[in-house]
Student: 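Sharing a structure, written as structure tokens. Questions coming.
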Amino acid sequence: MSTEALDTPVLQAYRLEVREWLSAHVQPLARAADGRLPPSAGSKDSPERVARARAQQAVLFDAGFAGISFPTEYGGAGLDIAHERVYSEEAAGYDVPTDVFAVSINILGRTLLEHGTEEQRLHHLPRILRGDEIWLQLLSEPSGGSDLAGLITRATRDGDGYVLTGQKTWSTGAQHADFSMCPARTSWDVPKHQGITMFIVDLRASGVAIRPIDQIDGGREFCEEFLDDVVVPADRVVGEVNGGWAIVRGLLEIEHEWVGRSGGVGNPTIDVDDLMAMLRRRGLAADVGARRKLVEIHALDTVHRLLAARIGKGVADGTLPSGFGGLLKLGNDHVIQRRAEAILAWSGSGAIAWPPGTDDETHVTDYLRSRRLSIAGGTSEIQRNNISERALGLPREPAFDRDVPFSQVPKN
């Protein structure tokens, strides 16, 4: 969405309203003497941070600044994406809990809004927007890789509900989440895409075990989950029984469009002035190679923002198919990775050894985290397949198991 599109009288008035409220009610983020934001202190996923974020989110909800573009009947403000973008721009310099609730609201909340029953929406959406419930998606499995439809977590009908057994992995922040959307196999005698059902799973229920995974950047945000005879009531089925693949695809399209449009959590629009200031601090302001790289990154970011505005508007008003969301994710990942690589190179010896809590530590951590973007949310290769098939209408890749009953397909 262009700057001009956010400059209407209505949005200008809303911007002032947001600015005044934030100034009066929210603590600004601490900045260094030169105006830069300092490296983050402590883990964003600590229990203390999450508890504090829940309290902050409740304040935002009560003021009408949570779920800005969600319908009012579900606790939202009933505005549009442009208002949401204005709020995000104004809130960027304030201590708001965006990182904790972004996935819960913008991916799972949107999916529930689109595919859930009215009872599910009325019960859960206000709680999600207020921060009372943190949600995530349990998609990947150890045996499946990027083949989500090859999942083998089992859901067996038992009386008035289902019993889930299996394992999921690579779920960000699961140790602090309350609920998940979890696809499981309810029929094995049909092709793999036809035997999946989506469930709402209470992550505090008996039989759920969550274990954090040690990561290359030193964090433990990712988790693996073990489902051992977890009882799920039948009214927690999302969509139709054996129709869960459509929900999975819808969820991923929502995720890809949101990530590409917003830059995702912790990936703000690149500020060329900040990068130039870094070159000056490093003594590289006159280095031709460094300046060319800075211009390249700025150009990539500018092009991606304009593309995100065009596709975001097109998907929202129905003039573009939702499959274009994968293109935004690809572009977003590319920009962030190129930026992280350049900053790491500019850090020099600081990229090898650094004192804790310094800019260099932040730059190395950002680089390590950027490596996962080509895998998270579907690999870049899968994104290209989806774009070719769903956005461009090209033929599907051949697959030997597409029409074979899943019970007959070899599995790892």
Side-chain angles (χ1 to χ4, degrees), residues 26 29 40-61 66-67 75 91 94-112 120 123-142 153 164 166-183 198-228 230 232 236 238 251 254-255 258-259 262 264-267 365 368-369 372-373 376-377:
V26 183
L29 290 170
S40 299
S43 171
K44 293 180 180 179
D45 285 324
S46 68
E48 296 77 15
R49 169 70 176 104
V50 173
R52 179 169 174 267
R54 288 184 190 268
Q56 291 175 305
Q57 187 68 16
V59 173
L60 292 174
F61 178 85
Y94 287 87
D95 183 18
V96 292
T98 304
D99 56 315
V100 176
F101 299 105
V103 169
S104 187
I105 293 173
N106 294 292
I107 299 177
L108 282 307
R110 293 283 178 195
T111 302
L112 195 64
Q120 290 167 351
H123 179 78
H124 290 290
L125 285 177
R127 292 170 170 82
I128 291 173
L129 298 181
R130 195 175 187 275
D132 296 332
E133 294 178 0
I134 298 176
W135 284 47
L136 51 76
Q137 60 268 50
L138 298 183
L139 301 181
S140 298
E141 297 189 1
T153 293
L164 270 62
Q167 182 181 353
K168 301 289 183 173
T169 191
W170 306 125
S171 308
T172 305
Q175 68 269 51
H176 303 298
D178 304 294
F179 290 92
S180 73
M181 283 196 185
C182 175
M198 182 69 85
F199 295 90
I200 297 172
V201 176
D202 183 347
L203 295 177
R204 312 301 181 193
S206 176
V208 178
I210 299 172
R211 185 168 66 192
I213 299 171
D214 292 325
Q215 299 161 204
I216 190 174
D217 62 2
R220 305 188 80 199
E221 299 170 5
F222 293 150
C223 298
E224 54 184 349
E225 300 78 32
F226 302 88
L227 308 175
D228 185 11
V230 179
V232 179
R236 291 188 178 174
V238 181
L251 185 156
I254 289 169
E255 175 179 357
W258 168 70
V259 169
S262 67
V265 179
N267 299 315
T365 301
L368 294 173
R369 288 176 175 169
R372 69 194 188 196
L373 295 178

Student: Applying side chain to side chain contact (heavy atoms under 4.5 Å, CB included), can you list everything that pairs with A91, at least two apart in sequence or on another chain?
Tutor: L22, Y87, V96
Student: Which pair of non-hydrogen atoms, one from A205 and one from V230, has the smallest distance, and what is that distance?
Tutor: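 Where A205 meets V230 most closely, the heavy atoms are CB-CG1, 4.3 Å.
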Student: So, Q56 side chain and V26 main chain: donor-acceptor pair closer than 3.5 Å or not?
Tutor: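 Not at all, since once roles are kept as given, no pair shorter than 3.5 Å links the two residues.
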Student: Determine whether L251 and L108 satisfy the following criterion, side chain to side chain contact (heavy atoms under 4.5 Å, CB included), listing intermediate values before the conclusion.
Tutor: CA-CA 7 Å; L251 185 156; L108 282 307; 3.9 Å; yes
Student: Nearest 0.5 angstrom please: D132 CG to F61 CZ, how far?
Tutor: 8.5 Å
Student: Could you walk me through whether R372 and I216 satisfy the side chain to side chain contact (heavy atoms under 4.5 Å, CB included) test, starting with their C-alpha distance in whole Å, then the side-chain angles of each, then the deciding distance to 0.1 Å, before giving a yes or no?
Tutor: CA-CA 10 Å; R372 69 194 188 196; I216 190 174; over 6 Å; no
Student: Taking atom CD of Q175 and atom OG of S46, what is their separation to the nearest 0.5 Å?
Tutor: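 Between Q175 CD and S46 OG, I get 10.0 Å after rounding to 0.5 Å.
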Student: Is a donor on one side and an acceptor on the other found under 3.5 Å between the side chain of K168 and the backbone of Q137?
Tutor: no
Student: Mind checking what makes side chain to side chain contact (heavy atoms under 4.5 Å, CB included) contact with A174, not counting sequence neighbours?
Tutor: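 L136, S171, I210, C223, E225.
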Student: Looking at every heavy atom in both V100 and A53, which two are closest together, and how far apart are they?
Tutor: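 The pair with the smallest heavy-atom distance is CG2-CB, 3.7 Å.
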Student: Counting C-beta onward and ignoring hydrogens, is there a side-chain heavy-atom pair between M181 and L138 closer than 4.5 Å?
Tutor: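 The answer is no, as the side chains (C-beta and beyond) never meet within the 4.5 Å cut-off.
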Student: Measuring from E133:CD to H123:NE2, what's the distance to the nearest 0.5 Å?
Tutor: 5.5 Å
Student: Quick one: does any side-chain atom of Q120 pair with a main-chain N or O of I200 as donor and acceptor, under 3.5 Å?
Tutor: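 No; zero donor-acceptor contacts below 3.5 Å.
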Student: State whether R204 and D178 are salt-bridged, where the test is any N-O pair (Lys NZ or Arg NE/NH1/NH2 against Asp/Glu carboxylate O) under 4.0 Å.
Tutor: yes
Student: Under a 3.5 Å distance rule, please check whether R236 uses its side chain to pair with a backbone N or O of M198 as donor and acceptor.
Tutor: no
Student: Using atom types as modelled and distance alone, determine if a side-chain donor or acceptor of Q215 lies under 3.5 Å from a backbone N or O of E221.
Tutor: yes
Student: Name all residues meeting the side chain to side chain contact (heavy atoms under 4.5 Å, CB included) criterion together with I254; count only those two or more places apart in sequence or in a different chain, and write none if there are none.
Tutor: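 I254: side chain to side chain contact (heavy atoms under 4.5 Å, CB included) contacts with R110, T111, E114.
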Student: Is there a side-chain contact between W170 and L139, using heavy atoms and a 4.5 Å cut-off?
Tutor: no
Student: Kindly say whether Q167 contributes a backbone atom to a donor-acceptor pair with the side chain of E224 at under 3.5 angstrom?
Tutor: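 Answer holds: no.
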Student: Evaluate T172 against V103 for side chain to side chain contact (heavy atoms under 4.5 Å, CB included), listing each step before the verdict.
Tutor: CA-CA 9 Å; T172 305; V103 169; over 6 Å; no
Student: Identify the two heavy atoms, one from C182 and one from V201, that lie closest to each other, and give their separation to 0.1 Å.
Tutor: CB-CG2, 3.7 Å
Student: On a heavy-atom basis, which atom in P97 and which in Q57 lie closest, and how many Å separate them?
Tutor: CG-OE1, 3.5 Å
Student: Any side-chain heavy atom of I128 within less than 4.5 Å of one from F179?
Tutor: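 No, every pair of side-chain atoms sits at 4.5 Å or beyond.
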Student: Atom CG in L125, atom CD1 in I105: separation rounded to 0.5 Å?
Tutor: 10.0 Å
Student: Quick one: pull up CZ in F101 and CG in N106 and give me the separation to the nearest 0.5 Å.
Tutor: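 Atom-to-atom, F101:CZ and N106:CG are 12.5 Å apart.
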Student: Taking A58's backbone N and O only, do any of them form a donor-acceptor pair with R130's side chain (distance below 3.5 Å, no angle check)?
Tutor: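 Answer holds: no.
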